[in-house]
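What's counted below: heavy atoms across the whole structure, side chains too, no hydrogens, waters or symmetry copies. Just so it is clear, the structure is predicted and the values come from calculations on it, not from any experiment.
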Amino acid sequence: MGIVSQDALNQLQALIDQVEEPLQKTFQNVHQGHVTETLIRFLKAREWNASKAHKMLIDSLNWRVQNEIDKILSKPIIPQDLYRGLRDSQLIGLSGYSREGLPVFAIGVGLSTFDKASVHYYVQSHIQINEYRDRVILPSASKKHGRPITTCVKVLDMTGLKLSALNQIKLLTIISSIDDLNYPEKTNTYYIVNAPYIFSGCWKVVKPLLQERTRKKVQVLQGCGRDELLKIMDYACLPHFCKKEGSGSSKHSGSGSENCYSLDHPFHQELYNYIKEQSRMNEDRKPIKHGSFHVEFPEPSADDGEIAKTIESEIHKFENSHGNVIDG
């Protein structure tokens, strides 16, 4: 870190030291013993402006307290059939770890349908995975490697991406906003694989809208990205859709233990059982209720709506110029 960065870190540390309960308690769940790395993440998200980073962090801590985020890992999504429906329509999983020890999360952007439950269940599920990553997976990886591991790698599978995906722009914007405001700088690199023609139309519009630090994290790989990804992880840790060139990435491909999206995959089994156990140990011993755990989230802004319209317009142009064949 340069002098300016160190000064900003010292300023933010001094401000956070003044924070009292209950914000200090929830902050412990955020930093997991790695205070400096956490402060740096919020500083990066606010261009090293200590005052703005302080406001962002305090707003995030208040959001956690008001929405009882610290308890979300004791709030199971039941019944199991509903949870299985979420896993079949919100495709995400942990395929393994990079050689540096970073968790590798696979996300099925193109084939996620988000059509099996209300938005609140998808938001709850997303936050639970974030919290499990930050409070269980990353601390375990840090302990194993003897150094702080506070970020992950994401492999975004674009197989099946269609114009109709824009129907989910509101939900995706909500999830993205939650991450931007409360889990900043948690992703080291975004690898985009299996990108169809339509992706170049999307990327042409989206890329200029991203902040430079985010753009630098995105790498669009050739085909399924296997050869490039093998430079940073072993074959066994590749997401199932990257293991065989040209195989596509059907969400049903491979057995449950191989398909990292599946509820039957070890990651999702461990997560599901962890939440059940936390629920069982919950001190208030209240009966588990059906229904989603409602979390307040930012409604997409007018700017987001305009961005969606711009993307849609550009994709239509791109689609027309390619003979209307890419949405089939």
Side-chain angles (χ1 to χ4, degrees), residues 32 34 37 41 44 87 90-112 126 129-161 179 183-196 199 203 213-271 274:
Q32 291 293 318
H34 304 302
E37 289 78 7
R41 288 195 294 106
K44 283 182 178 179
R87 294 282 62 84
Q90 182 185 35
L91 303 181
I92 182 170
L94 177 71
S95 67
Y97 294 81
S98 73
R99 293 194 188 97
E100 292 183 345
L102 276 61
V104 178
F105 281 90
I107 302 173
V109 177
L111 290 171
S112 290
H126 179 78
I129 290 174
N130 279 357
E131 292 292 309
Y132 187 73
R133 173 196 66 195
D134 294 352
R135 287 151 64 178
V136 178
I137 292 173
L138 290 173
S140 175
S142 299
K143 185 177 180 180
K144 178 181 178 181
H145 291 272
R147 59 182 172 80
I149 294 179
T150 58
T151 60
C152 66
V153 169
K154 289 183 179 175
V155 183
L156 278 55
D157 176 27
M158 297 294 167
T159 297
L161 186 67
D179 284 354
Y183 304 93
E185 300 294 316
K186 293 299 293 190
T187 303
N188 186 278
T189 312
Y190 297 90
Y191 294 102
I192 293 173
V193 302
N194 294 322
F199 174 76
W203 188 233
R213 70 175 193 280
T214 303
R215 280 201 303 270
K216 287 180 177 177
K217 294 180 181 180
V218 178
Q219 295 188 33
V220 182
L221 305 183
Q222 198 90 24
C224 73
R226 181 187 57 198
D227 293 343
E228 286 297 312
L229 291 174
L230 284 175
K231 295 177 182 178
I232 66 159
M233 68 185 79
D234 295 336
Y235 181 84
C237 293
L238 289 174
H240 58 279
F241 50 81
C242 295
K243 289 186 174 179
K244 189 176 179 184
E245 191 71 59
S247 65
S249 107
S250 166
K251 55 190 174 184
H252 303 298
S253 65
S255 67
S257 61
E258 295 172 354
N259 182 342
C260 61
Y261 298 151
S262 169
L263 177 57
D264 300 318
H265 187 272
F267 165 69
H268 283 298
Q269 284 293 302
E270 289 165 15
L271 170 60
Y274 180 89

Work out which heavy atom in [X] is nearest to a heavy atom in [Y]; give both atom names and the distance.
| X | Y | answer |
| --- | --- | --- |
| I149 | A141 | CD1-O, 3.7 Å |
| P196 | L161 | CG-CB, 3.9 Å |
| C237 | V104 | O-CG1, 4.5 Å |
| R41 | P184 | NH1-O, 2.5 Å |

*Please step through ring-ring contact (aromatic ring centres under 6.0 Å, His included) for the pair Y261 and H268, ending with a clear verdict.*
CA-CA 8 Å; Y261 298 151; H268 283 298; 8.5 Å; no
Measuring from [X]:[atom1] to [Y]:[atom2], what's the distance to the nearest 0.5 Å?
| X | Y | atom1 | atom2 | result |
| --- | --- | --- | --- | --- |
| S262 | R87 | OG | CZ | 10.0 Å |
| T150 | E37 | OG1 | CD | 6.0 Å |
| S142 | I137 | OG | CD1 | 11.5 Å |
| R135 | N130 | CZ | CG | 11.0 Å |
| Y190 | T214 | OH | OG1 | 6.5 Å |
| T159 | F199 | OG1 | CZ | 12.0 Å |

_Going by side-chain contact (heavy atoms from CB on, under 4.5 Å), E100 matches just one of M233, H145, R147. Which one?_
R147
Please check if the side chain of [X] supplies one atom and the backbone of [Y] the other of a donor-acceptor pair under 3.5 Å.
| X | Y | result |
| --- | --- | --- |
| R99 | K231 | yes |
| R226 | C242 | no |
| Q219 | T189 | no |

*Would you call K186 and D179 a salt bridge, taking side-chain N to carboxylate O under 4.0 Å as the test?*
no
*When you check the gap from the basic side-chain N to the acidic O, do K217 and E185 get nearer than 4.0 Å?*
yes
*Do L238 and L230 pass the side chain to side chain contact (heavy atoms under 4.5 Å, CB included) test, and can you show the C-alpha distance, the side-chain angles, and the key distance before you say yes or no?*
CA-CA 8 Å; L238 289 174; L230 284 175; 3.8 Å; yes
_pair C260-H240: side-chain heavy atoms closer than 4.5 Å_ = yes
*Heavy-atom distance under 4.5 Å between the side chains of D134 and Y183, does that happen here?*
yes
_Among residues at least two apart in sequence or on other chains, which ones pass side chain to side chain donor-acceptor pair (under 3.5 Å) with Q32?_
none
_Pairing residues for K143 by the side chain to side chain donor-acceptor pair (under 3.5 Å) criterion, not counting sequence neighbours_ = none
*Evaluate side chain to side chain contact (heavy atoms under 4.5 Å, CB included) for V218 paired with I192, printing each intermediate quantity in order.*
CA-CA 7 Å; V218 178; I192 293 173; 3.6 Å; yes
*Measure from NZ or CZ of K154 to the centre of the six-membered ring of Y191 and say whether it is under 6.0 Å with the direction within 45° of the ring axis.*
no
_Test side chain to side chain contact (heavy atoms under 4.5 Å, CB included) on F241 and V155; report intermediate values, then the result._
CA-CA 10 Å; F241 50 81; V155 183; 3.8 Å; yes
*What's the verdict on side chain to side chain contact (heavy atoms under 4.5 Å, CB included) for L138 and Y132, showing C-alpha distance, side-chain angles and the deciding distance?*
CA-CA 9 Å; L138 290 173; Y132 187 73; over 6 Å; no
*Would one find more than 12 heavy atoms of other residues, nucleotides or ligands at under 6.0 Å from atom CD of Q269?*
yes
